[in-house]
2 protein chains.
Amino acid sequence: MLYICCMKLDEAKIKYIQTWGSLATSWGINKTMAQVHALLLVSTKPLSAEDIMETLQISRGNVNMNVRALIDWGIVNKEFVIGERKEFFSAGKDIWELFKQITKERKKREIEPVIKILDELQLIDDNSEEAQQFKKVLGDLSSVTNTVNGILDKAIKADEHWLLSNFTKVIKK
Amino acid sequence: MLYICCMKLDEAKIKYIQTWGSLATSWGINKTMAQVHALLLVSTKPLSAEDIMETLQISRGNVNMNVRALIDWGIVNKEFVIGERKEFFSAGKDIWELFKQITKERKKREIEPVIKILDELQLIDDNSEEAQQFKKVLGDLSSVTNTVNGILDKAIKADEHWLLSNFTKVIKK
DNA sequence: TTTTATTTTCAATAATTATTGAAAGTTTTA
DNA sequence: TAAAACTTTCAATAATTATTGAAAATAAAA
């Protein structure tokens, strides 16, 4: 059961999947996880674990782990196909939704812990010149992080149209 | 030649350096690179390769590689200390500048190549239903990526005050 | 020039992270 | 209930990435 139908198109899809996988690593994302998502994204129908295994040439365990992680990130869904016993998976095709979901998750997992730690470190019982300077750096780090966090919050809440047209225009001036 | 003077403060600095290092890995940044930068950021004076080696307990080669990379990213500078033959290094203390520099570099290294590849893939010689759908996904990915790229451009050009107050307020409504 | 101080490189190695595959677990069907 | 279909887990292993350290290169001083 392959998702492929035309040659040139197939090549382009494969290239997209490969490219996405290698780009992912520079963002601290597992290569296979990115590839599985890319595959589901360009697939016209939900795929089973076996479909993914065959297409990406990876083991059952690997597929399972990465599909779970993607579901955990909220960017892949289980699908029930009538007449089929096994599970199928699909990725939402709304890219703005995808962007918002990823942003939301990374914010929660990576930015919020940073803010927490920076705030903790601020509480030093020391008022020397050097300590003041250190606290200043921490405070500035907090400030930037909080601002970015706030911007991401707004982006998550924004609907597609607003973010696309309105937002970019406002930004310009 | 150690940069340390007070106990509690010293602990906090160490904790900050360690924490930064481990957080960095989830952003696809080398742990040591992040630690070296953190160390230079909280240091009151420029440090030599040996200072860094001692404090972080890492090899000369490792220090050299990572300091070069940081200089390459534009967030660490060489300093010439009078009466000293060896090189010293320092990190700029302006966190907004740091944020802008990092954003600029990641944009160049990671976002712009994505846009290029997505555009390349668009050029498929196929008009089937499936091809249309694939092109739609690619187009949407381009759209989001370009928008994010644009926002980052504005952020880079924006001065601290504008980004902090004006921007966040605009975003709110 | 030669010596000495310092930086850079890079093959070898260590540490980390990802992947396999088979066994154990679960759910469905008969 | 047992057998079949499928999913999950995880110890072993592979692949990747980071680090060392000593030799080569470079730069400054004598």
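Each chain gets a letter, A, B and so on, in the order its sequence line appears, and its residues count up from 1.
Sorted by first and then second residue, the salt bridge (Lys or Arg N to Asp or Glu O under 4.0 Å) pairs involving residues 143-152 of chain B (not counting sequence neighbours) form an empty list. Annotation: ring-ring contact (aromatic ring centres under 6.0 Å, His included) contacts involving residues 9-65 of chain B, sequence neighbours excluded, comprise Y16(B)-W20(B). Within the structure, salt bridge (Lys or Arg N to Asp or Glu O under 4.0 Å) contacts touching residues 137-150 of chain B (residues at least two apart or in different chains) are K136(B)-D140(B). The salt bridge (Lys or Arg N to Asp or Glu O under 4.0 Å) analysis of residues 64-77 of chain B, with sequence neighbours excluded, yields the pairs R68(B)-E87(B), D72(B)-R109(B).
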Can you build the contact string for nucleotides 1-17 of chain C? Use B for base contact, S for sugar-phosphate-only contact, and - for no protein heavy atom under 4.0 Å. ---BBSBBB--------
Table please: side-chain donor-acceptor pairs of residues 56-64 of chain B below 3.5 Å, with sequence neighbours left out.
{"residue": "Q57(B)", "atom": "NE2", "partner": "E54(B)", "partner atom": "O", "Å": "2.9"}
{"residue": "S59(B)", "atom": "OG", "partner": "N62(B)", "partner atom": "N", "Å": "3.2"}
{"residue": "R60(B)", "atom": "NH2", "partner": "E50(B)", "partner atom": "OE2", "Å": "2.7"}
{"residue": "N62(B)", "atom": "OD1", "partner": "N66(B)", "partner atom": "ND2", "Å": "2.7"}

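As rounded to whole Å, 11 Å separates atom P of dT19(C) from atom CG of L56(A). With rounding to whole Å, M33(A) atom CE is found 11 Å from dA18(C) atom P. In this structure, I71(A) atom CD1 and dT7(D) atom C1' are separated by 12 Å, rounded to whole Å.
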